[in-house]
Amino acid sequence: MKVVIVGGVAGGATAAARLRRLDETAEIVVFERSGYISYANCGLPYYIGGVIEDPEDLTLQTPESFFSRFRVEMRVRHEVTAIHPDRKTVSVKNLTTGEEFEESYDKLILSPGAKPTRPPLPGTELENLFTLRTVEDTFRIKAYIDRNHPRSAVLAGGGFIGLELAENLRELGMEVTIVQRPKQLMNPFDADMAAFIHAEMRRHGVRLALGRSVEGFAEKDGGVDVLLKDEAPLHADMVVLAIGVTPDTRLAGEAGLELGIKGSILVNDRMETSVPDIYAVGDAVQVRHAVTGQNVLLSLAGPANKQGRIAADNICGGDSRYRGSQGSSVLKIFDMTAACTGVNESNAIRAGLSVDKVVLSPMSHAGYYPGGKLMTMKVVFEQETYRLLGAQIVGYEGVDKRIDVLATAIHAGMTVLQLKDLDLAYAPPYSSAKDPVNMAGFMAENIANGLVRQFHVEDLEALPRDGSVTLLDVRTVSECCRSGIMEGFRNIPVDELRERLEEIPRGKPVYVVCQSGLRSYIACRILAALGYETYHFSGGYRFYETVLHDRCLQEAATECGMDR
């Protein structure tokens, strides 16, 4: 059996290694148009910033090491230019010599990946305008910085690559501005959770120009003007386009393979395309979202590796199935860690799901053990069934641990109520006896049992201030003096509540807020036991303050033209 693989990196290289482990006699040939067959794509920004010092550390395997270990023929700088399913061959061009030839196959795996999205805008050909996707892209950016010592950069795009690159360029001492059309960074997060990411970026001096449309680029004074719709241009010494990626599927389309959303390759759960004996994996394929069941594109290394393994299994006579992607991801943002899995609230609603959520601010480990740090968790679930849909966490320690537990729970089809029963490891330096994941389950259980009703940030504006409801802040007096109090709310500390009940009118709903949500829940239980109708503010004043501050900064930036 002869297997030809188009493209290396995560999907193609994984498939090649798996094929060899399953079939020692198969002839395996990989064509990779770049000079690298397997590299750490996610590490590229950290080489630019000097965190990774040796460029060889980016290369996970070389053609020589791969052949030595697996006896797989890795042909780098070879571009497949056409696929001929009728005669089961591919046309190949040696990019070093210019030689062109055809290679036959019994089975073909397509792992072409995705390419940086380059919108049809004027000026994208400028010398100091870059994209970042490959090792070669990385070396070009690094060489430009080392040679020209730019003092400023504009990054068009606020996704994973944009934020990682922003951090690394700031660490080099550059002024960095992120500009993009959406009004928030990191679209996998809801806007309220993205507010924490915005705050961390601003704290480290990154300027945010959100909600702006880029209309082109122009050379000026040795740098680049980023032309914005209805606003003055942003000027920088260099620009990096990081506005997303597009499936690289020209070959598949020309060969008659059935395509899906954004031109991606349609595959079944065995990673088979619409053409017999041709498989496809990685960023170029359309997959099913494991939570919503909808067709999506998810450009992540983990799914690509799994898909490569599945394709190899099935080529070798197995019956492996891809169960879908749920988008689990984690990101370092200066001192902060941000992570998500499943679907966020906004996308769940767009998918037609009826959702609810809990927001909590637990410590990373036991409060009495030194060094604990707050994290903010948002857990989204289906209203009727309490099926766990997704989670987002931002914080400084223990974020990755909790998101992986929640990702596993989603994969297992658990409800949010079952989180309270998870038996999770505990020691004071690492967690609390009631882990934050358990706490999310306890909170959802209180909602399910009718022990508490919630109101959220988006409900605040509609709350009446005419005296028909009681608005109550149960933080301490000093907390309210220090950080302020919401409009229309009055302060009665929770520990004084029982002695001051005469100040809370009977027969009116009571909306209660505290710093993080714990004391407001306690106050609601006290009042509910005495016959009051109560509502507890999800996330607490700390959550509200972060979201409100972010909104105010964005509104001010809209008026003055720049987020400071």
Side-chain angles (χ1 to χ4, degrees), residues 40-52 132 141 153-180 182-210 240 242-244 299-302 327-341 344 359 361-364 371-378 390-404 406-407 436 542-543 545-547 549-551 553-554 557 563-564:
N41 188 285
C42 298
L44 301 182
Y46 298 100
Y47 174 70
I48 293 171
V51 178
I52 299 172
L132 178 57
I141 294 173
V154 168
L155 310 181
F160 290 96
I161 291 294
L163 268 62
E164 289 173 343
L165 189 56
E167 175 182 346
N168 282 277
L169 295 182
R170 280 296 294 158
E171 296 294 344
L172 293 176
M174 295 173 62
E175 292 183 1
V176 178
T177 302
I178 297 178
V179 57
Q180 67 167 15
K183 292 185 177 181
Q184 69 167 81
L185 303 175
M186 293 299 296
N187 284 333
F189 290 77
D190 286 312
D192 50 12
M193 294 296 287
F196 290 87
I197 298 174
H198 298 170
E200 185 73 1
M201 298 297 284
R202 294 182 183 113
R203 189 168 74 86
H204 287 273
V206 177
R207 297 178 177 180
L208 305 180
L210 306 177
V240 180
I243 58 177
S299 297
L300 296 169
S328 301
S329 54
V330 64
L331 176 68
K332 178 182 179 294
I333 306 169
F334 294 99
D335 300 323
M336 176 181 278
T337 300
C340 62
T341 186
N344 62 29
V359 179
S361 299
M363 295 290 286
S364 57
K373 295 184 178 180
L374 278 173
M375 67 178 75
T376 303
M377 297 175 58
K378 181 176 183 178
Q392 303 152 63
I393 312 178
V394 291
Y396 298 92
E397 292 179 2
V399 170
D400 52 342
K401 168 184 174 178
R402 274 68 187 213
I403 206 68
D404 282 343
L406 289 162
R542 171 180 171 269
F543 188 72
E545 189 175 36
T546 301
V547 174
H549 184 62
D550 183 60
R551 288 177 183 173
L553 287 177
Q554 290 206 46
D563 182 328
R564 302 285 178 178

For D400, all residues meeting salt bridge (charged side-chain N to carboxylate O under 4.0 Å, His left out), sequence neighbours excluded: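 Here no residue qualifies.
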
Contacts of K373 that satisfy salt bridge (charged side-chain N to carboxylate O under 4.0 Å, His left out) - sequence neighbours left out: none

Nearest-0.5 Å distance, [atom1] of residue [X] to [atom2] of residue [Y]:
X    : Y    : atom1 : atom2 : answer
R170 : F334 : CZ    : CZ    : 6.5 Å
I393 : M193 : CD1   : CE    : 7.5 Å
M201 : M186 : CE    : CE    : 10.5 Å
L208 : L185 : CG    : CG    : 5.5 Å
M363 : E397 : CE    : CD    : 9.0 Å
R551 : D192 : CZ    : CG    : 8.0 Å

List the atom of [X], the atom of [Y], and the distance in Å for their closest heavy-atom pair.
X    : Y    : value
P45  : E164 : CG-OE1, 3.7 Å
G43  : I52  : O-CD1, 3.6 Å
C340 : Q392 : CB-CG, 4.1 Å
F160 : S329 : CZ-OG, 3.3 Å
L155 : G162 : CD1-O, 3.3 Å
L169 : A153 : CD1-CB, 3.8 Å

Set of residues satisfying side chain to side chain contact (heavy atoms under 4.5 Å, CB included) with respect to K183, sequence neighbours excluded: Q554

Side chain to side chain contact (heavy atoms under 4.5 Å, CB included) against H549, all qualifying residues, sequence neighbours excluded: L553

Would you say [X] and [Y] make side-chain contact, with heavy atoms under 4.5 Å?
X    : Y    : result
I403 : T337 : no
T376 : L374 : no
D335 : H204 : yes
Q180 : L210 : yes

With F543 via ring-ring contact (aromatic ring centres under 6.0 Å, His included) - residues at least two apart: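 For F543, the residues satisfying ring-ring contact (aromatic ring centres under 6.0 Å, His included) (neighbours in sequence not counted) are F196.
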
Those residues that, when tested against Y396, pass ring-ring contact (aromatic ring centres under 6.0 Å, His included) (two or more places apart): none

Ion pair R542/E545, N-O distance below 4.0 Å: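 Answer for the salt bridge query: no.
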
Short side-chain to backbone donor-acceptor contact, R207 and V154, under 3.5 Å: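 Not a single qualifying donor-acceptor pair exists.
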
Backbone of G50 reached by a side-chain donor or acceptor of E171 within 3.5 Å: no

Option passing side-chain contact (heavy atoms from CB on, under 4.5 Å) with L331 (candidates V394, L163, I197, V399): L163

Test side chain to side chain contact (heavy atoms under 4.5 Å, CB included) applied to R202 and D550, step by step: CA-CA 10 Å; R202 294 182 183 113; D550 183 60; 2.9 Å; yes

